[in-house]
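Take a look at the structure set out below.
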Amino acid sequence: QVQLVESGGGLVQPGGSLRLSCAASGSIFSFNTMAWYRQVPGKEREWVATASSGGSTNYADSVKGRFTISRDNVKNVVHLQMKSLKPEDTAVYYCNAAAVLHQYWGQGTQVTVSS
């Protein structure tokens, strides 16, 4: 089965940086897209960034210029470099990987931005 294992979350002060990582394993050789989402209690899950298999990237307006998504297609690993973090970035961050017929989610990792 496919599993997504996330790491890198934690507590950081405003203006600080964190690097999230997500490693995919299982029977899937590659994914069409890998992405990051985030969610806070009481709100819908929000798309943050996407990296295609061809290397294209897209970002939500709220994180443009601050976050960078990158992926290794061979290792099926995706990273999210988060800089200039703001309190409103506080959320549970989820890794997402999409194949032709299925979509997979990680367990989520907490990111808290606070003084």
*asked:* Under the rule for side-chain contact (heavy atoms from CB on, under 4.5 Å), what residues qualify as partners of S115, not counting sequence neighbours?
replied: P14
*Quick one: does W36's side chain get under 4.5 Å of C95's, heavy atoms only?*
yes
*Gap between atom CE of M34 and atom CG of D72 - 0.5 Å precision*: 9.5 Å
*V111 to G9 - nearest heavy-atom pair and separation*: CG2-CA, 4.2 Å
*Without swapping roles, check the side chain of E6 against the backbone of G108 for a donor-acceptor pair under 3.5 Å.*
yes
*asked:* When you compare the side chain of N96 with that of W47, does any pair of heavy atoms fall below 4.5 Å?
replied: no
*Would you kindly confirm whether L20 and V77 end up in one hydrophobic cluster when ILVMFWY residues are joined by side chain heavy atoms under 4.5 Å apart?*
no
_Inter-residue atom distance Q81.CD - S21.OG, 0.5 Å rounding_ = 9.0 Å
_L85 vs F67 side-chain heavy atoms within contact, under 4.5 Å_ = yes
*asked:* So that I can tick it off, tell me whether D61 and K64 are bridged by a salt bridge, with the cut-off set at under 4.0 angstrom between side-chain N and carboxylate O.
replied: yes
*Which atom pair, heavy atoms only, marks the closest approach of V40 to A91?*
CG1-CB, 3.6 Å
*Should W105 and V92 be counted in the same cluster of Ile, Leu, Val, Met, Phe, Trp and Tyr side chains packed under 4.5 Å apart?*
yes
_All pairs passing salt bridge (Lys or Arg N to Asp or Glu O under 4.0 Å) where residues 40-51 contributes a residue, at least two apart_ = R38-E46
*Does I69 offer a backbone N or O that forms a donor-acceptor pair with the side chain of Y59 under 3.5 Å?*
yes
*Any idea which heavy atoms bring C22 and L4 closest together, and the distance?*
SG-CB, 3.8 Å
_Nearest-0.5 Å distance that lies between atom CG in L80 and atom OG1 in T109_ = 11.0 Å
*Do you know the tightest heavy-atom contact between V63 and V48?*
CG2-O, 3.7 Å
_Keeping T90 on the side-chain end and V113 on the backbone end, is there a donor-acceptor pair under 3.5 Å?_
yes
_Side-chain heavy atoms of F31 within contact of V2, under 4.5 Å_ = yes
*asked:* To the closest 0.5 Å, what do you measure between CG (L18) and OG1 (T112)?
replied: 9.5 Å
*asked:* Measuring from atom NZ of K83 to atom CG of D89, what distance do you get when rounded to the nearest 0.5 angstrom?
replied: 14.5 Å
*Minimum heavy-atom distance between R71 and S53, given as atom pair plus value*: NH1-N, 3.3 Å
